[in-house]
Amino acid sequence: MRIAVLAGGIGGARFLRGVRAACPGDDITGIVNTGDDVTLHGLRICPDLDSVMYTLAGAHDAERGWGRQDESWRIMDEFKQYGAEPSWFALGDLDIATHLVRTRMLDAGYSLSDVTAALCQRWQPGIPLVPMSDERCETHVIVDLEGQRRAVHFQEWWVRYRAGLTAHGFVQVGVDDAKASAGALAALSSAEVVLVAPSNPVVSIGTILGVPGIREALAAGRAPVVGLSPIIGNAPVRGMADACLPVLGVEVSAEGVGRHYGARSSGGILDGWLVHDTDTATVPGVRVRAVPLLMTDDDATAAMVRTALELADARA
Ligand code: FO1
């Protein structure tokens, strides 16, 4: 079966491990958010693509969820000695090698899709990974800082300020000149099922959906679309979706996010919606199922993937 998965970083990586475990012989493509991408110290950094690539390869630091295991920070220490800002974004020595290779290839004119495929040659994630777009489309956050309303890069808001500055909005800088990557469009048009990972509905899934061509491909595709709620109870399992959803006026609940995504039959994206077994949700036009949604290990995630695929069948 051909499965396309919309995914963010840490949660998306865990989810993709479960899809790979549940569907070993199937043709899966991960369409990954690149709105978190940032250029720092002259390096092009793609946090979500790297989190997914490292995690699927088993090379990630499980505790942090991002970056490499057995990492060292000698270059960061040197940056600090030189007063080379920003020092608030921690780049590990091993991780820097990835950014150097990526930056060199991008500077040589390769697309982000080509670069990602080249990096995956080494890591063999077992699932083809494609960026949502080959053009830059960086998430910035509208905040009040030093008495001024301004946009700061998502990474500065999330890492430097720990999402502690009230977000008044999210903008995708560059989205007007961006388009869905060829790999993403190919995966969506040939998919028999599309899964929406339990990633941040605003700055991960929302960012992917904001790329011109993605929503149109979902709407035009024959494939049923089934999403999994990133909210259990009234809180995200991880991350800061609860700092993002209210900005869009969306209730921090499985029902709130399901309704935010909306039914494909009425201009939204969903045919099915999985919520945690302690939650209930009514989403008009969408079939809802309550199952355990904690991705405690690959088997637990694989179980929810199988339920999502059953739900997709029911809609086919
Ligand atoms: N997250 C942090 O909280 N602190 C960091 O210093 C940090 C550095 C970092 C470096 C490379 C990378 O790929 C990810 C990194 N992240 C860090 C995580 C990153 O902010 C998040 O993974 C996503 O962008 C949001 O999900």
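Counting starts at 1 for both ligands and their atoms, in listed order. Note that the numbering runs from 1 along the sequence shown for the chain. Bear in mind that the values here come from a model prediction, so they are computed numbers and not experimental data.
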**Student:** Geometry only, no angles: is His99 polar-contacting ligand 1 at N/O separations under 3.5 Å?
**Tutor:** no

**Student:** Is it true that the side chains of Ser51 and Asp48 contain a donor and an acceptor less than 3.5 Å apart?
**Tutor:** no

**Student:** Side chain, backbone, both or neither: which part of Arg162 has a heavy atom under 4.0 Å from ligand 1?
**Tutor:** side chain

**Student:** Identify whether NZ of Lys or CZ of Arg in Arg160 sits under 6.0 Å from the centre of the six-membered ring of Trp157 and within 45° of that ring's axis.
**Tutor:** no

**Student:** For Arg64, which part has a heavy atom under 4.0 Å from ligand 1: side chain, backbone, both, or neither?
**Tutor:** neither

**Student:** Got an N/O contact under 3.5 Å between Ala90 and ligand 1?
**Tutor:** yes

**Student:** Using a strict 4.0 Å threshold on nitrogen-to-oxygen distance, state whether Asp298 and Arg17 make a salt bridge.
**Tutor:** yes

**Student:** Below 4.0 angstrom, N of the basic side chain to O of the carboxylate: do Arg68 and Asp95 qualify?
**Tutor:** no

**Student:** Can you find an N or O of Asp50 that's nearer than 3.5 Å to an N or O of ligand 1?
**Tutor:** no

**Student:** Is Arg44 salt-bridged to Glu138, going by a charged N under 4.0 Å from an acidic O?
**Tutor:** yes

**Student:** Looking at ligand 1, does any of its N/O atoms fall within less than 3.5 Å of an N/O of Ser51?
**Tutor:** no

**Student:** For ligand 1, note which part of Asp95 has a heavy atom under 4.0 Å away: side chain, backbone, both or neither.
**Tutor:** side chain

**Student:** Should the proximity of Trp158 to ligand 1, defined as any heavy atom under 4.0 Å, be assigned to the side chain, the backbone, both, or neither?
**Tutor:** side chain

